[in-house]
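The structure displayed is predicted, hence computed values, not measured ones.
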There are 2 protein chains.
Amino acid sequence: MIDNIGFVIGDISRLIRRTFDKRARAIGVTRAQWRVLTWLRRHEGTNQSALADRLELDAMTLCRMVDRLQDAQLIERRRDPEDRRAWQLFLTTKGVALSDQLEPIGEQLLQEALADMPGKDRERLLALLELFRSNLQSIDEADADRKRSAHG
Amino acid sequence: MIDNIGFVIGDISRLIRRTFDKRARAIGVTRAQWRVLTWLRRHEGTNQSALADRLELDAMTLCRMVDRLQDAQLIERRRDPEDRRAWQLFLTTKGVALSDQLEPIGEQLLQEALADMPGKDRERLLALLELFRSNLQSIDEADADRKRSAHG
DNA sequence: TCAATTTAATAACATAGTTTATTATATGCA
DNA sequence: TGCATATAATAAACTATGTTATTAAATTGA
């Protein structure tokens with residue numbers, strides 16, 4: 001029973017990822033790139049290390065993604081006037097146009113997948129998932145603390 | 001509301017992946033390798049292409065994972081007596097021992113994360129998630145069909 | 001003020017994953 | 001039988017990611 005919940009959650013996230021990848025790729029980006037574009041759409045001027053933190057990516061990994069997105073003329077780097085080490089990231093016109101196409105994809109997929117679930121049940125599902133998430137967050141933090149004290 | 005469900009599911013699967021990766025890596029394997037070992041534990045003798053299908057991995061990707069797992073002396077390839085093209089995969093003694101350590105990790109994480117959720121709620125959660133999954137599966141298949149007919 | 005430390009970004013190297021093409025074997029059917 | 005096609009595995013080339021080390025600039029603090 002309890003492990004079924006694990007399997008089903010695993011299946012769901014895999015299916016979301018798959019469908020998402022396919023639909024995003026049809027538009028010409030990977031899911032990883034989509035995350036960067038979507039974040040920048042709402043928070044223009046973020047620098048690389050802040051963005052890497054946000055998206056839980058390695059700074060180096062993001063650095064190279066930014067290289068590629070810049071080559072594809074979807075984003076651009078501008079020097080931070082306050083900190084000469086840092087770049088501020090902005091979507092180009094092309095990047096904004098692409099991000100407009102991407103935005104509805106996630107919402108739409110969820111709409112399709114939950115079309116036949118009554119509103120009451122959606123609320124229940126959300127509440128139960130939120131409890132689940134909050135417990136996982138505590139576990140994650142506890143693991144991180146354990147590691148810290150083992151080191152120190 | 002509906003997009004919150006998406007975000008929460010995303011968070012949950014990310015947190016499960018993270019915690020899982022950390023705990024599995026402490027034992028000396030990646031999550032991808034863990035999936036291979038766990039499957040083989042229950043289905044010894046599976047060949048590479050069947051296993052790749054099962055785990056939804058590319059045949060080539062699995063081939064290299066098998067190379068590494070074999071180098072690490074966790075699994076071994078034996079010729080299929082029925083089909084001289086194919087290898088049958090088996091855990092070594094070392095692989096079995098490691099798989100024994102991995103087995104409880106998933107179950108345990110879920111136990112911790114759902115400890116404070118009453119049985120009734122767990123059942124409800126599972127039922128709602130199953131509906132969600134089944135809808136996503138239909139969408140995934142519909143997308144695949146659309147692609148097929150666009151090609152043909 | 002200036003040496004020590006931290007931070008932002010990235011080059012260089014190592015590892016893992018994907019795509020395409022090849023080899024050996026198996027299967028279907030004229 | 002023997003030719004066309006399919007299948008199992010993998011080599012080779014390419015792409016993406018993770019790790020370590022370096023550079024330049026910012027911050028801290030005696």
Can you tell me which nucleotide in [options] comes closest to the side chain of [X]?
X	options	answer
B/W87	D/dA8, D/dT10, D/dA12	D/dT10
B/M65	D/dA6, C/dT10, C/dG17	C/dG17
B/R84	D/dG18, D/dT10, C/dA26	C/dA26
A/R68	D/dT10, C/dT7, D/dT17	D/dT17

Give a yes/no answer on whether the side chain of [X] brings an N or O atom under 4.0 Å of OP1 or OP2 in [N].
X	N	answer
B/R31	C/dA16	no
A/Q48	C/dT10	yes
B/T30	C/dA16	no
B/T61	C/dG17	no

Return the value, rounded to whole Å, for the distance between atom [atom1] of [X] and atom [atom2] of [N].
X	N	atom1	atom2	answer
B/E56	C/dG17	CD	C1'	16 Å
B/L62	D/dT10	CG	C1'	12 Å
A/D71	D/dA16	CG	P	11 Å
A/L57	C/dA8	CG	C1'	16 Å
B/E82	D/dT7	CD	P	19 Å
A/R85	C/dA8	CZ	P	6 Å
A/D58	C/dA14	CG	P	17 Å
B/I75	D/dA9	CD1	C1'	14 Å

Start at the 5' end of DNA chain D and walk down; is the nucleotide closest to B/V66 or to A/M60 reached first?
->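 It is B/V66, whose closest nucleotide lies nearer the 5' terminus.
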Toward the 5' end of DNA chain D, by each residue's nearest nucleotide, A/A32 or B/D83 =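 So the residue in question is B/D83.
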So is A/R79 actually on top of A/W87's ring, under 6.0 Å and inside 45° of the axis?
->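 Checked: cation-pi criterion met.
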Would you mind classifying the nucleic acid contact of [X] as base, sugar-phosphate or nothing, using non-hydrogen atoms under 4.0 angstrom?
X	value
B/D80	nothing
A/D67	nothing
B/N47	sugar-phosphate
A/R79	nothing

Can you list every pair that meets salt bridge (charged side-chain N to carboxylate O under 4.0 Å, His left out) and has a residue in residues 117-128 of chain A, with sequence neighbours left out?
->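 The answer is A/D121-A/R124.
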If you pin A/R64 and A/R25 to their nearest nucleotides in DNA chain C, which one's is more 5'?
->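 Result of the comparison: A/R64.
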Decide yes or no on side chain to side chain donor-acceptor pair (under 3.5 Å) for B/Q137 and B/E141, but give the supporting numbers first.
-> CA-CA 6 Å; B/Q137 259 154 1; B/E141 281 155 29; over 6 Å; no
Hey, is the main chain of A/L91 close enough, under 3.5 Å, to the side chain of A/E44 for a donor-acceptor pair?
->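 Pair found, side chain donor or acceptor close to backbone of A/L91.
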Taking atom CZ of B/R25 as the centre, does the number of heavy atoms from other residues, nucleotides or ligands within less than 6.0 Å exceed 12?
->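 Not more than 12 within 6.0 Å, no.
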B/L102 CG to B/F20 CZ distance, which is reported to the nearest 0.5 Å |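 That separation rounds to 7.5 Å.
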